[in-house]
Amino acid sequence: QVQLVESGGGLVQAGGSLRLSCAASGSTFSRYVMGWFRQSPGKEREFVLGISASGGTTLWRGSMKGRISISRDNRKNTVELQMNSLKPEDTGVYYCASLRSGGAYDSAQDNDYWGQGTQVTVSS
């Protein structure tokens, strides 16, 4: 069983920055793709950014390209999401996810393990 715990969310003004962190349990963390998703009020959960198992490749697909970056530390079992130039439309609950059974890294349905989420609120 894998447990993911996010932290770092909060209230920030538009244009500000936040750094989200996800801590994972288990010894197999370094084998799997990790990703961040966002769920805004009234919307489906959407992919934000992902990172390959080794950390060498950033997996893009989301709408925040250019304002975000991702990193992981496989010794500490952590993955972080740095978000800059935040906009009110970036508001939502941000989830850390682990893709373990194959499938598409940017698909919420294909990701196997999820954290409880951390709230990010960007005020205008």
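Given the structure is predicted, the values throughout are model-derived calculations rather than measurements.
- Side chain of D106 to backbone of F47: no donor-acceptor contact under 3.5 angstrom is found.
- With values rounded to the nearest 0.5 angstrom, D112 atom CG is found 6.5 Å from S98 atom OG.
- With contacts defined as side-chain heavy-atom distances shorter than 4.5 Å, the pair V120/M83 qualifies.
- Smallest separation of non-hydrogen atoms from S124 and P88: CB-CG, 3.8 Å.
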For residues 24-32, tabulate all N or O donor-acceptor pairs below 3.5 Å that involve a side-chain atom, not counting sequence neighbours.
unit_1: S25; atom_1: OG; unit_2: Q3; atom_2: N; d: 2.9
unit_1: T28; atom_1: OG1; unit_2: R100; atom_2: NH1; d: 2.8

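- Annotation: salt bridge (Lys or Arg N to Asp or Glu O under 4.0 Å) contacts of D73 (sequence neighbours excluded): R75.
- Between S40 atom OG and E89 atom CD the span is 9.5 Å, to the nearest 0.5 Å.
- Here the shortest heavy-atom pairing between L49 and L81 reads CD2-CD1, 3.9 Å.
- Atom CD1 in I68 sits 10.0 Å away from atom CG in L86 (nearest 0.5 Å).
- When all heavy atoms of R38 and T91 are compared, the pair lying nearest together is CD-O, 4.2 Å.
- Checking Y105, W114, Y95, Y94 one by one against F37, the ring-ring contact (aromatic ring centres under 6.0 Å, His included) holds for a single residue, W114.
- One finds the CG atom of D90 at 4.0 Å from the CE atom of M64 (value rounded to the nearest 0.5 Å).
- Residue W60 is grouped with residue W36 when hydrophobic side chains (ILVMFWY) are merged at heavy-atom distances under 4.5 angstrom, including chains of intermediate members.
- V48 and V93 are assigned to two separate hydrophobic clusters, defined by single-linkage of ILVMFWY side chains at heavy-atom distances under 4.5 Å.
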Q | Residue pair E6, L20: steps toward the side chain to side chain contact (heavy atoms under 4.5 Å, CB included) verdict | A | CA-CA 7 Å; E6 302 95 336; L20 306 183; over 6 Å; no

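- The two residues N77 and N74 have their closest heavy-atom pair at OD1-O, 3.4 Å.
- Proximity of T58 to S69: side-chain heavy atoms (C-beta onward) are nowhere separated by under 4.5 Å.
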Q | Candidate pair V33 and R72, rule side chain to side chain contact (heavy atoms under 4.5 Å, CB included), full reasoning | A | CA-CA 10 Å; V33 168; R72 69 188 293 165; 5.6 Å; no

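- Under the side chain to side chain donor-acceptor pair (under 3.5 Å) criterion, the residue pairs touching residues 78-88 are S17-N84, R19-E80, R19-Q82, Q82-N84, with sequence neighbours excluded.
- Nearest heavy-atom pair, A97 versus N111, reported as atom, atom and distance to 0.1 Å: CB-OD1, 3.6 Å.
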Q) Yes or no on side chain to side chain contact (heavy atoms under 4.5 Å, CB included) for M34 and L4, after CA distance, side-chain angles and deciding distance? A) CA-CA 11 Å; M34 296 295 296; L4 304 174; 4.0 Å; yes

